[in-house]
2 protein chains.
Amino acid sequence: MSTTQGARARARKEVTAAIKEEARRQLAREGAAKLSLRAVARELGMVSSALYRYFPSRDELLTALIIDAYDSLGEAAEQARDATAGAAPVPRWTAVCEAVRGWALAHPHEYALIYGSPVPGYAAPETTVPPAARVGLVLIGIVRDTHERSGLTELPLPAGLRPEAERMSADLAPDLPPEAVTALVAAWSQLFGLVSFELFGQFNRVVEDREALFRHAATRLAQGVGLG
Amino acid sequence: MSTTQGARARARKEVTAAIKEEARRQLAREGAAKLSLRAVARELGMVSSALYRYFPSRDELLTALIIDAYDSLGEAAEQARDATAGAAPVPRWTAVCEAVRGWALAHPHEYALIYGSPVPGYAAPETTVPPAARVGLVLIGIVRDTHERSGLTELPLPAGLRPEAERMSADLAPDLPPEAVTALVAAWSQLFGLVSFELFGQFNRVVEDREALFRHAATRLAQGVGLG
DNA sequence: CACAAAAGAGAGCAGTGCTCTTGCTCTGGA
DNA sequence: TCCAGAGCAAGAGCACTGCTCTCTTTTGTG
């Protein structure tokens with residue numbers, strides 16, 4: 001049973017992987033909008049209808065690529081975190097931020113796929129949630145480490161935001177002060193604002209030395225969440 | 001000359017406007033990716049090829065919509081600025097930020113068109129630059145007013161960023177200190193990071209009371225650029 | 001070995017952006 | 001006033017797309 005069923009299953013896995021690989025190639029070359037099932041099938045020497053045995057629709061294929069992209073980015077962030085395990089909080093934070101930026105610059109179309117306009121009429125299914133959370137968890141982890149070891153600087157929290165801050169804190173990091181979690185969520189989105197503006201061309205004719213600006217802004221974000 | 005040429009010209013203007021109007025309707029309903037020239041033509045009772053007399057390609061039509069969207073958003077920001085002419089710097093700043101967010105929530109697809117993933121193989125032409133700059137100019141204006149009237153708080157500027165900061169300052173606001181301009185550019189992108197995360201679903205299952213979080217984050221951004 | 005499940009092939013449907021040719025209408029100048 | 005040329009609409013057609021349906025081949029298993 002294992003070998004025979006395994007043979008089919010293995011072949012299926014291989015074809016599935018080949019489809020994703022070719023799709024990723026096209027994605028990197030032309031972008032998500034021009035990703036064509038027929039072109040993928042053509043390149044793989046199969047007919048387009050055969051591809052539907054593996055992915056029920058173009059959106060499902062895109063979902064698979066989205067999950068892979070989230071995982072790839074998350075891994076880059078985690079590597080930066082692990083590579084700076086002994087460092088001070090702010091350098092660790094900026095290292096992760098720069099890893100995110102570096103990954104985005106290296107994979108612009110995949111970045112656009114996950115952090116650009118959502119595909120219309122397409123709702124990201126549950127399965128994308130855990131991979132999408134990885135970068136956020138890395139950032140939370142750095143703040144938590146700092147909180148436990150050297151403590152966080154004081155942060156303001158308006159009264160109107162307190163209920164939501166406590167809700168988020170309970171959800172995301174019960175061991176952290178609500179004001180830190182709140183600042184963290186904001187900084188998280190702002191980090192991607194910086195990256196998106198650079199990648200999507202909003203900095204054209206405005207910022208030249210994006211690297212330097214980003215480094216500084218990331219440092220300020222770190223201070224904004226209570227590090228250093 | 002005026003009436004005769006005017007007749008043709010007027011008809012042309014009307015048809016052009018009708019096309020844009022219907023295109024905007026479809027954009028609002030289905031998103032940019034599903035905007036179909038044929039569907040627009042169909043809805044207008046004309047044949048698809050006739051539409052090419054007015055817009056040489058789908059991209060050109062999208063460009064027209066992009067410019068309109070930038071202008072619409074810019075106008076919303078300017079209105080918020082003018083409506084708070086006498087107010088303190090921080091409330092003025094947050095009012096503009098909330099106007100941006102409000103416009104985005106009211107026009108999600110148009111927002112995605114201008115601040116989401118750029119259409120692949122499509123480079124925004126020069127004509128989009130001035131409309132795209134309007135929100136940034138509003139933010140600069142508030143900082144400038146504050147600088148002239150009550151002064152800005154001190155901001156850090158690492159040595160490595162100074163050349164770029166002075167370049168940006170000379171380009172964008174020579175009357176403002178380079179560190180303020182630098183902080184402004186970063187805050188500008190971070191503002192749209194907050195809005196994009198909310199609009200593109202990144203805050204799903206994370207932030208509930210987005211209004212409250214945004215208000216707080218916008219206030220913190222104001223402080224980050226030296227207001228109050 | 002026989003049979004059922006899985007996979008591939010091909011035709012076809014409805015849609016897309018865009019081009020080209022064919023007419024018709026309007027308009028500016030002789 | 002008349003007419004050539006410009007502007008415009010229409011239709012056919014090309015090369016695509018996602019997706020479905022049917023038919024055939026392959027393949028693993030009782």
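In what follows, chains carry the letters A, B, and so on, assigned in the order in which the sequence lines appear, proteins first and then strands, with residues in each chain numbered from 1.
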Do any side-chain nitrogens or oxygens of A:R42 fall under 4.0 Å of OP1 or OP2 in C:dA9?
-> no

Looking only at side-chain N and O atoms, does B:R12 come under 4.0 Å of OP1 or OP2 in D:dC8?
-> yes

For B:D209, which residues count as a salt bridge (Lys or Arg N to Asp or Glu O under 4.0 Å) partner, sequence neighbours excluded?
->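 For B:D209, no residue satisfies salt bridge (Lys or Arg N to Asp or Glu O under 4.0 Å) once neighbours in sequence are set aside.
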
Hits for salt bridge (Lys or Arg N to Asp or Glu O under 4.0 Å) against A:E98, two or more places apart or cross-chain, chain-then-number order -> A:R215

Salt bridge check: are B:E164 and B:R167 linked by an N-O gap of less than 4.0 Å?
-> yes

Rounded distance in Å - [atom1] ([X]) to [atom2] ([N]):
| X | N | atom1 | atom2 | result |
| --- | --- | --- | --- | --- |
| B:E30 | C:dG15 | CD | P | 14 Å |
| B:K34 | C:dG17 | NZ | P | 13 Å |
| B:R58 | C:dT16 | CZ | C1' | 9 Å |
| B:L37 | C:dT19 | CG | C1' | 13 Å |

Mind running a 4.0 Å heavy-atom check of residues 14-21 of chain B against DNA chain C and sending the residues that fall below it, in number order?
->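 The answer is none.
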
Looking at D:dG18, does its base get a donor-acceptor pair with the side chain of A:R38 below 3.5 Å?
-> yes

Give every donor-acceptor pair under 3.5 Å between a side-chain atom in residues 38-57 of chain A and any protein atom, sequence neighbours left out.
{"residue": "A:S57", "atom": "OG", "partner": "A:D59", "partner atom": "N", "Å": "3.3"}
{"residue": "A:S57", "atom": "OG", "partner": "A:E60", "partner atom": "N", "Å": "3.3"}

Indicate yes or no for a side-chain donor-acceptor contact from B:R81 to the backbone of B:R92 under 3.5 Å, with no hydrogens or angles considered.
-> no

Among pairs that include at least one residue of residues 125-143 of chain B, which meet salt bridge (Lys or Arg N to Asp or Glu O under 4.0 Å), considering only residues two or more places apart or in two chains?
-> A:R205-B:E126, B:D71-B:R134, B:E78-B:R134

Side chain to side chain contact (heavy atoms under 4.5 Å, CB included) involving B:A80 - partner list, sequence neighbours excluded | B:V96, B:A99

Could I get the full list of ring-ring contact (aromatic ring centres under 6.0 Å, His included) partners for B:H107, not counting sequence neighbours?
->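 ring-ring contact (aromatic ring centres under 6.0 Å, His included) list for B:H107, sorted by chain: B:W103.
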
For residues 183-199 of chain B, which residue pairs qualify under side-chain hydrogen bond (donor to acceptor under 3.5 Å, both in side chains), counting only residues two or more places apart or in two chains?
->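 Of all non-adjacent pairs touching residues 183-199 of chain B, those that pass side-chain hydrogen bond (donor to acceptor under 3.5 Å, both in side chains) are B:R101-B:E198, B:Y111-B:S196.
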
Counting heavy atoms from C-beta on, name the nucleotide in C:dC18, C:dG17, D:dC8 closest to the side chain of B:S36.
->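 Of the candidates, C:dG17 comes closest.
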
Of the residues in residues 43-56 of chain A, which ones touch DNA chain D at a heavy-atom distance under 4.0 Å?
->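 Within this stretch, A:S48, A:S49, A:Y52 sit under 4.0 Å of the strand.
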
